[in-house]
There are 2 protein chains.
Amino acid sequence: MATRQKTSRKAAGTAAAIRRPRARAANSRAQSAYAGDDIGLDALIGHAGYAVRRFQLWIFQDFVKTLATVDIRPTQYSVMTVIGANPGLSQMAVAKRLGIERARLVHLLDSLEERDFVSRIPSATDRRSHALHLTSRGKTALAQFKRLAAEHERHVAEKIGNENRERLLQILTCFT
Amino acid sequence: MATRQKTSRKAAGTAAAIRRPRARAANSRAQSAYAGDDIGLDALIGHAGYAVRRFQLWIFQDFVKTLATVDIRPTQYSVMTVIGANPGLSQMAVAKRLGIERARLVHLLDSLEERDFVSRIPSATDRRSHALHLTSRGKTALAQFKRLAAEHERHVAEKIGNENRERLLQILTCFT
DNA sequence: AAAAGATTGTTGTTGACGACAACAATTGAT
DNA sequence: ATCAATTGTTGTCGTCAACAACAATCTTTT
């Protein structure tokens, strides 16, 4: 299936011999102008979801880039932060608090445990659950992650302005 | 591999016979209270990315739910909206404008073309590219999608307040 | 105390999505 | 005529949300 076109290209191919060298100027100009930035978004302009999606994409990319040296992704950072602030939490509690599935948390903790940042200690009161703790290595690591995350947050402030950043945080407190 | 625990559970199993019926009250109460909502987020509170992630998740879920009857997802809606507002655009132009990869757009257009909402018309000026258009069925469908999307937007306004919603849109215009 | 129901961690699958890398066809520039 | 760039396409990889099932364990009911 290395063919490129389903329908039109083949048909066009047969007529290719007849093609004349058209008005290139109109093509290259109109095309690149259109590909530039005069394309209307219509109803998308009024949708918060679209703006938020683009923003979140930008934020995640900057976060990943800023913490690339320590190889920590946003979700991993959020898990370690919550465990650090609330030692002994169960996986269920962490998942609920962060709005991630407990199935997903399993793999996240697996990776964090492999790197010796987090340890699952069998709960003393419930043999089903684990008490989550940062290792000593995890604690010092998290301190560095927080410094880098603060740097990332400064990037956000530079991008949208710090007063807008704070306003945004305030608007969205009901989701955190 | 139906075993449940890697390490701790097995070891705990041997000592299971000795266990006493501990203070259940402390367990069930403390545990469910913790699982409730007194878990601190620590540094996460100050991170716009975390708030935005939670918000975006909420928005997407509401969008999908509100447009479930027509089976249209946010990305599909954005593609149809842009094509509807700018007929004849190439795939490259749409991808660039919406910040999605052209590789991804291929599948999106495949599904929209299968449902007869969009058609790829061979460009008259560039035999590599397609001119994207809404079909007549796609135009009437998009009109309905826009009504449903407006309803979704009202849900957002109810959730965070309309003045906050507009403030948010204004803050994030640089990303759209 | 035994049975029934709920919870916790785990495994697996599905699908949307972003990022990359290749590729053929075509275009544009040299 | 040749070579670099563009366009649509295919494929792979990894992240992520959503479900569904399951064993072990706890809780509640009887």
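Below, all heavy atoms of this structure are taken into account, side chains as well, without hydrogens, waters or symmetry copies. Naming: A, B, ... by sequence-line order, numbering from 1 per chain.
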Minimum side-chain heavy-atom gap [X]-[Y] below 4.5 Å:
X	Y	answer
F117(B)	L134(B)	no
I72(B)	R115(B)	yes
L172(B)	R54(A)	no
R167(B)	E163(B)	yes

Which nucleotide, dT10(C), dC26(D), dA25(C), lies nearest any side-chain atom of R128(B)?
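Ranking dT10(C), dC26(D), dA25(C) by closest atom to the R128(B) side chain puts dA25(C) first.
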Given atom [atom1] of [X] and atom [atom2] of [N], what is their separation to the nearest angstrom?
X	N	atom1	atom2	result
R97(A)	dT8(C)	CZ	P	17 Å
L89(B)	dG8(D)	CG	P	10 Å
D110(B)	dG11(D)	CG	C1'	14 Å
M92(A)	dT25(D)	CE	P	19 Å
F63(B)	dA16(C)	CZ	P	15 Å
D126(B)	dA25(C)	CG	C1'	10 Å
H130(A)	dT7(C)	NE2	P	19 Å
L105(B)	dG18(C)	CG	P	11 Å

Measure the spacing between OG of S90(A) and CZ of R120(A) and express it to the nearest 0.5 Å.
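Between S90(A) OG and R120(A) CZ, I get 12.5 Å after rounding to 0.5 Å.
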Row check, F55(A) ring normal vs K159(A) NZ/CZ: under 6.0 Å, within 45°:
no
Kindly indicate whether the side chain of R127(B) and the base of dT26(C) share any N or O donor-acceptor pair separated by less than 3.5 Å?
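Checked by distance alone, the answer is no.
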Is there a side-chain contact between Q91(B) and the phosphate of dT6(D), meaning an N or O under 4.0 Å from OP1 or OP2?
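Result: no.
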Name the pairs: protein N/O against N/O of nucleotides 15-19 of chain D, kept only if under 3.5 Å.
residue: dT15(D); atom: O3'; partner: R73(A); partner atom: NE; Å: 3.4
residue: dT15(D); atom: O3'; partner: R73(A); partner atom: NH2; Å: 3.1
residue: dC16(D); atom: OP1; partner: R73(A); partner atom: NH2; Å: 3.4
residue: dC16(D); atom: OP1; partner: T75(A); partner atom: OG1; Å: 3.2
residue: dC16(D); atom: OP2; partner: R104(A); partner atom: NH2; Å: 2.2
residue: dC16(D); atom: O5'; partner: R104(A); partner atom: NH2; Å: 3.0
residue: dA17(D); atom: OP1; partner: R53(B); partner atom: NH2; Å: 3.3
residue: dA17(D); atom: OP2; partner: R104(A); partner atom: NE; Å: 3.2
residue: dA18(D); atom: OP1; partner: Q61(B); partner atom: NE2; Å: 2.2
residue: dA18(D); atom: N7; partner: E101(A); partner atom: OE1; Å: 3.4
residue: dA18(D); atom: N7; partner: E101(A); partner atom: OE2; Å: 3.2
residue: dC19(D); atom: N4; partner: E101(A); partner atom: OE1; Å: 3.4

Give me the atom names and distance for the closest heavy-atom approach of Q76(A) to S111(A).
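Nearest pair, atom of Q76(A) first, then S111(A): NE2-OG, 3.5 Å.
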Could you check H107(B) against R102(A) and say which one's nearest nucleotide on DNA chain D is further toward the 5' end?
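Looking at the nearest nucleotide for each, H107(B) comes out on the 5' side.
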